[in-house]
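To start, the structure itself, in structure tokens.
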Amino acid sequence: MSENVVHLHKSTDPAPEPGTVTTLTVVPEPAPAPPVPLWIRSGHAIRTAVTHETTKTTARAVARHTLYVVGGARIAAKRTWDGRTASRYERMFRAAEAAGNHEMASEWEERGQHFREARHRRRMDLLHSPVDAAKGLAVRTGMGIGSLVALGVVMAIATKDVTHVVTPLMAVVDFINLLITIVQVVWGPALAIGPFLALLALWAIGSKQQAAPAWALPDNVRSSEGEPITPSIVVKALRDLGVPALRNAIKEMGDAGASMLGPIRMAGCGVEVDVTLPSGVSTIEVQNRRRKLAENLTRHEHEVFITIPTAARTVCLWVADSGALDEPIGPSPLVTDDTLTADYAKGCAPWGEDLRGDAAALSLYQRHLLITGLSNQGKTAALRSLALWLALDKSVQFLLGDLKGAGDWRMFNGVATTLIEGPTDEHVMQVTEMAEGAVDEMNHRLQAPPGTVFPPLIVLVDEAQVAFMCPAKDEDKRPYGGSKANSRYFMAVRKIHNQGRAVNVLMWQGTQDPTNENLPKLVREGAHTRASLALGTESQARMALGDKAVDGGAAPNLLRPGLDKGTVVVASDGIAIPAGQASITVRTHYIDTDEAYVIADRAKALRDGVTTLRVIERDEDRDPLADIAAVLGDASRVLTADVLKRLSTLNADAYGTWTPGDLKRVLEDAGAEPYKSDGRMVVGSERVARALANRDTDGSASADG
């Protein structure tokens, strides 16, 4: 009988009134919970131990290494079988036949036949080999014993001791006895450890080939991504693409779709295969399912490229090795080879590598250039690497406007004759006047006598969208930006596009996030070389590269922003593009700012003291003699025609209408008149500097007096 325990609870209520009866409540003590049986606790512990991650990992490791031995034995047996039979040739023959490569199939069939003939000859030789071996052994044994006895006779004659006749023979017998003794000693341990060595060899083969089920492999290798591309995988990926006509056609084909495929070719860091689509299936249906096709091939979308060759109803698939496109390419030859120079007319700029891993070089000869893309994708670096290469040709002149102004082009100070840096409307005005000065130079060249050769002049504007979007107007109410017939920057670019190529005046532009407002249609279509980094939409891709390139498979809008920095899709006749394609994808070399300064210094060393005009000053009184001294720079003498051009670039308002007579008058008044050198009129820097110094000294003396 259980005991009742009386619990007296102290109440916090007020004390009861006198005469009130207080009731005590008797609360029974709760019975203790029955103990959990031992077998239940043991079951929980066992289940916890079995399902623990460490237990699973250990069990998987044991199974994996055990199965490595089994898989290694299977691989070794297969290799032995392939070496002893013609199965290897049969297998390669069937694969070539399935891929539609009948020439390679015939070659493998011929190799297999040669193997069978050689094997038959060896087997026939085995029928006669025992007799031949016995005869040969008898002859060689007799000759050997005879030689040893002859040697013993010689020793006996020399020592006059007849017992030496058998000395060589006994020495050989003793040596054979020693070998038998060694074998007897080693044989036991060899038999003991031999099986373990054999198992170790099989384990090594299995582990190298990952010859274990997927569930037993480590987590980092259990993924199927990266498996090799075979004809059966390509056909299965196309069959499961979700195109009913394609799926039904593959089912009806007697060869299960193998006849659609051309040979699978190694192509750089991937493979390439042409697919002839069956009737009723258009190439656009395959192009529009790029992501699904990539996933069917166990690849990411950016690792599969679909282009349209010239053959009808054909798509060319390029499939990268898994993860290969995420690996950086090597440094630019401009960085690794400090002896490299450029040739504007005959050379090609080393820009990067194509997807096949081949060097991609771009010819810049008489080609206007446009490169565009989203912000922070490597546009400036890609454009700058081309300019740095071309700067190593000392005949090339640069007029450079950087409408970002962050110093990305500052290393061209001393290479470019004009360098304007800044994002404001004032800088756009200066860049516009720079471009208009290039138009004047172009017109001057066009009116020169036929056959005149002109040095290349590159008008380069980075962040050109700032110029097109500029709202400022000049004193005649003509806008600097925009795309109308009176827009100054737009019209300067159009004029250079129209006629500049013929006299080596070229327009290079880099712009962000193209739209019809910040990159007018007539301007983008005037570029011979059009390149695009990652973009957001297909419509932008068409603006950047044109309809032909996009319809042919160019898809910069499918590049991954941030991950595919520096990767450009190029449409140009200046770069080697595979036959039948309208564009090529290039992974450009990255040249950082420090390396760019080193390359620019090499370019400066090739030139004769270029003076870079950094700012075009406006609306203030000019000092002609000081301006002449400024444009002469470090050169000892400069042609009068070149001095006039530099003055016009410095300030078109003040010097744009100057003639050689105006220049001569100013210099003669200062006592620094031009003179002839090699039959041409030049301005001497020393004379101008002396005249400027004398003028300042005279002015100071007058002031003191």
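As a basis for the values below, the full set of heavy atoms in this structure was taken, side chains included, without hydrogen atoms, waters or symmetry mates. Since the structure is predicted, the reported quantities are computational estimates derived from the model, not experimental observations. This chain uses plain numbering: 1 for the first residue, then up along the sequence.
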For [X] and [Y], which heavy atoms make the closest approach, and how far apart are they?
X	Y	answer
N518	F468	O-CD1, 3.2 Å
L506	R501	CD2-CA, 4.0 Å
L667	P674	CD1-CG, 3.7 Å
L460	A387	CD1-CB, 4.0 Å
A527	L370	CB-CB, 3.7 Å
I306	L293	CD1-CD2, 3.9 Å

Kindly indicate whether the side chain of [X], heavy atoms from C-beta on, has any atom under 4.5 Å from the side chain of [Y].
X	Y	result
I575	V586	yes
T432	M429	no
V415	V610	no
V431	Y489	yes
N486	D476	no
I599	W389	no
P556	L535	yes
E463	S375	no

Non-neighbouring partners of K521 that pass salt bridge (charged side-chain N to carboxylate O under 4.0 Å, His left out), sequence neighbours left out: E525
How long is the straight-line distance from [atom2] of [Y] back to [atom1] of [X], given to the nearest 0.5 Å?
X	Y	atom1	atom2	value
Q447	H444	CD	NE2	8.5 Å
D642	L632	CG	CG	10.5 Å
L364	H528	CG	NE2	12.5 Å
R410	D408	CZ	CG	9.0 Å
W351	L383	CH2	CG	8.0 Å
S583	D551	OG	CG	11.0 Å

Heavy-atom donor-acceptor pair, [X] side chain to [Y] backbone, under 3.5 Å:
X	Y	answer
H300	A294	no
S648	L644	no
D393	Y344	yes
D358	D354	no
R530	M543	yes
Q377	G562	yes
D337	P333	no
K604	N413	yes
H427	L403	no
D564	T567	no

Using the ring of F305 (Phe, Tyr or Trp, six-membered ring only), decide whether R290 places NZ or CZ under 6.0 Å from its centre and within 45 degrees of its axis. yes
Is [X] salt-bridged to [Y], cutoff N-O under 4.0 Å?
X	Y	value
D627	R646	no
D573	R367	yes
R291	E301	yes
D440	K645	no

CA sep, side-chain torsions, deciding dist, call: R542, N557, side-chain hydrogen bond (donor to acceptor under 3.5 Å, both in side chains): CA-CA 10 Å; R542 292 184 181 276; N557 52 300; over 6 Å; no
Kindly determine whether E285 and Q287 satisfy side-chain hydrogen bond (donor to acceptor under 3.5 Å, both in side chains), including the steps that lead there. CA-CA 6 Å; E285 290 181 285; Q287 279 187 301; over 6 Å; no
For the pair W508 and F398, name the ring-plane relationship: parallel under 30°, tilted 30 to 60°, perpendicular over 60°. perpendicular
Once you measure the plane-to-plane angle for W658 and Y655, does it fall in the parallel (<30°), tilted (30-60°) or perpendicular (>60°) bin? perpendicular
CZ of R607: more than 12 outside heavy atoms within 6.0 angstrom? yes
Hey, mind stepping through V461 and V493 against side-chain contact (heavy atoms from CB on, under 4.5 Å) and telling me if it holds? CA-CA 10 Å; V461 180; V493 174; over 6 Å; no
Given the rule in the side-chain contact (heavy atoms from CB on, under 4.5 Å) test, do T372 and Q509 qualify, once you have shown the distances and angles that lead to the verdict? CA-CA 8 Å; T372 186; Q509 294 184 97; over 6 Å; no
Criterion side-chain contact (heavy atoms from CB on, under 4.5 Å) on R384 and M411, from CA distance to verdict: CA-CA 10 Å; R384 189 175 66 184; M411 69 288 301; 3.7 Å; yes
Go through T588 and S385 one step at a time and tell me if the side-chain contact (heavy atoms from CB on, under 4.5 Å) criterion holds. CA-CA 9 Å; T588 61; S385 66; 5.6 Å; no
